[in-house]
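Only one structure is covered here, and it is reproduced in the block below.
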Amino acid sequence: MSATNTPQSVTDCAEWRALEAAAQKLRTRHLTDLFAAEPTRFAKFSRKLGDLLFDFSKQRVDAATLGLLLDLARARNVADGVSRLAAGETLNFTEGRAAQHMALRAVAPTFVAGQDVLPEVLAARSRMREIADAFRNGQLRGASGQVIRHVVNIGIGGSDLGPRMAARALTAVEPGATRVSFVANIDPFELDCVLATAAADETLFIVASKTFTTQETLTNAQAARAWLQARLGASTDLAPHFVAVSNNLDAARAFGIPGERCIALPEWVGGRYSMWSAIGLPVACAIGWEGFEQMLDGAREADTHLQSAPLEANLPVLMALLGIWNTNFLGCGSHAVLPYSQRLADLPAYLQQLEMESNGKRVDRNGKPLGCATSPVLWGGAGTVGQHAYHQLLYQGTLTVPIDFIVPVGDDSPAQGMLIENALAQSAALMQGRGEAQARAQLAAAGKPESEISRLTPHLLSPGNQPSSTLLFPRLTPHTLGRLIALYEHKTFIQGWIWGINSFDQYGVELGKLMARALGGGSDSAPPDGSTAGLLAAIRTMRG
Ligand code: F6P
């Protein structure tokens, strides 16, 4: 399968049709029946990568279906796709770029269009390390000579979500001498909240933007500059308070950040795959350089695994195939990611961009409409919090929602034990559900009279059969986080490859940006539709 010319639509493959037939049978089977018929499911349907356990025995697949899914991966030349990704081929063919995020964690020569990019990667890492070390050692100074103690990352999308998620996941709890904050929204509230407790002479702003044209980021960067000027004096050289990370260094310099304070972001890395590059600088500042390198090591473990493990033992391949099974054959339109770790609370938001911006597409590589669904809606939040909110829908709503439970086992404290018990209880209960006999027995045990038991029983029923995977690992560390994130990156790529789409462009989001531009800046062009015209009139009235 070439990057630009797919011989066949995925839905035309014989393997696709075989999966449709398999789904007819499996759609009506309950997971508890599958376990009853095959008590060794856990051994059959779980895999390991180092100390990470991936259990997919609670997915609605049997051995035959898994075989068919692997046949689909073979028919779609997944191994070839992985080789091309690793070789730095121009897989983002609409924009004419490679998608070489694996090079960002490389330690050996790695190629983009035949050229070794390792020297460029190492040079950027060394700049990051200098800044992160100086910050953490109290050697980074602002315009007045005051030590910089606060780093504020200004960026959005891929220039925010990854580093924000990783910094929250890995920053030490103890109050330290330094802190790292994140600002993304153009709504000034976010920047105002961060600056309310910031001291201008101790603050460094990282302006992170691949394009350096993003409205939100530039607006916030200008506001940060005005804030510094107001406090440090209009004539003060503010260069010591800024670092830029961008692929558009001319624009960064034009903004006023001198070249020696700019770190280049390679063109061949997509924004949502860039947290391993200098976009990760705030993470290095938050956890230290050693931790950042461990995160790269973890990602590299996933890269090696992707390229060397056979398909049937390859975690990202299996994650991708199970997602395709749930989306395309069981008709699930959403996918929940539930990390049982407050530190991973930002993971679903990060994965939303990774998966939905990558694979929320509707045409194949030839520009032809796909005959199947692509990325599901990804959502989620930290367990146990969600149990007291949206889990009700998972138990008794009408939707089938596949779930990834992500469970760092952590320490043996009682609270950690409860967190793990809750994660396992949710996946088991969502699989088993509650039948009539059980509901009646529970009501009887609660002392309800027969009339109440009959009245309430239908309200207690829960069909179960919610499919889930559990990713279990000993502790949340830079290494285990890096590995986890890289697994999801690879899952995303493989799904896109099988569907036959370009996972690395995002032309859809341009549409909203163009519309905002048309509406903004005092444009006197006519509103695009009657609703927008009405809303604009209402806004004018409300603003007086
Ligand atoms: O609008 C979408 C997007 O282009 C994302 O793909 C990207 O991660 C984000 O905006 C930020 O872009 P930049 O890093 O160029 O500011």
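Only a predicted model underlies this, so the values are computations on that prediction, with no experimental measurement involved. Start at 1 with the first residue, then count along the sequence. Below, each value reflects all heavy atoms present in this structure, side chains not excepted, and no hydrogens, waters or symmetry copies. Just follow the structure's listing: the first ligand is 1, and inside any ligand the first atom is 1.
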| request: Using the side chain to side chain donor-acceptor pair (under 3.5 Å) rule, collect all pairs that involve residues 236-247, keeping only residues at least two apart or in two chains. | output: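 Non-adjacent pairs meeting side chain to side chain donor-acceptor pair (under 3.5 Å): zero.
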| Pairs touching residues 269-282 that satisfy side chain to side chain donor-acceptor pair (under 3.5 Å), sequence neighbours left out |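 Found Arg272-Glu357, Arg272-Ser358, Arg272-Gln506, Tyr273-Ser358, Trp276-Glu489.
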Identify each donor-acceptor pair in which a side-chain atom of residues 481-488 lies under 3.5 Å from a protein atom, sequence neighbours left out, and give them as a table.
{"unit_1": "Arg483", "atom_1": "NH1", "unit_2": "Leu49", "atom_2": "O", "d": "3.4"}
{"unit_1": "Arg483", "atom_1": "NH1", "unit_2": "Asp51", "atom_2": "OD1", "d": "3.0"}
{"unit_1": "Arg483", "atom_1": "NH1", "unit_2": "Glu301", "atom_2": "OE1", "d": "3.4"}
{"unit_1": "Arg483", "atom_1": "NH2", "unit_2": "Asp51", "atom_2": "OD1", "d": "2.7"}
{"unit_1": "Tyr488", "atom_1": "OH", "unit_2": "Asp404", "atom_2": "OD2", "d": "2.6"}

| Under a 4.5 Å cut-off applied to non-hydrogen side-chain atoms, are Cys285 and Leu281 in contact? |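 In short, these two side chains touch, coming nearer than 4.5 Å.
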| field | For Leu338, the option from Leu344, Ile406, Ile403 that meets side-chain contact (heavy atoms from CB on, under 4.5 Å) | value |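 Single pass found, and it is Ile403.
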| Parallel under 30°, tilted from 30 to 60°, perpendicular over 60°: which one fits the rings of Tyr340 and Phe405? |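 Rings of Tyr340 and Phe405: tilted, as their planes differ by 30° to 60°.
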Close N/O pairs between ligand 1 and protein, under 3.5 Å:
{"unit_1": "ligand 1", "atom_1": "1 (O)", "unit_2": "Lys513", "atom_2": "NZ", "d": "3.0"}
{"unit_1": "ligand 1", "atom_1": "6 (O)", "unit_2": "Glu357", "atom_2": "OE1", "d": "2.8"}
{"unit_1": "ligand 1", "atom_1": "6 (O)", "unit_2": "Glu357", "atom_2": "OE2", "d": "3.4"}
{"unit_1": "ligand 1", "atom_1": "8 (O)", "unit_2": "Gly158", "atom_2": "N", "d": "2.7"}
{"unit_1": "ligand 1", "atom_1": "8 (O)", "unit_2": "Gln353", "atom_2": "NE2", "d": "3.1"}
{"unit_1": "ligand 1", "atom_1": "14 (O)", "unit_2": "Ser159", "atom_2": "OG", "d": "2.7"}
{"unit_1": "ligand 1", "atom_1": "14 (O)", "unit_2": "Lys210", "atom_2": "N", "d": "2.8"}
{"unit_1": "ligand 1", "atom_1": "15 (O)", "unit_2": "Ser209", "atom_2": "OG", "d": "3.4"}
{"unit_1": "ligand 1", "atom_1": "15 (O)", "unit_2": "Lys210", "atom_2": "N", "d": "3.3"}
{"unit_1": "ligand 1", "atom_1": "15 (O)", "unit_2": "Thr211", "atom_2": "N", "d": "2.9"}
{"unit_1": "ligand 1", "atom_1": "15 (O)", "unit_2": "Thr211", "atom_2": "OG1", "d": "2.6"}
{"unit_1": "ligand 1", "atom_1": "15 (O)", "unit_2": "Thr214", "atom_2": "OG1", "d": "3.4"}
{"unit_1": "ligand 1", "atom_1": "16 (O)", "unit_2": "Ser209", "atom_2": "OG", "d": "2.6"}
{"unit_1": "ligand 1", "atom_1": "16 (O)", "unit_2": "Thr214", "atom_2": "OG1", "d": "2.5"}

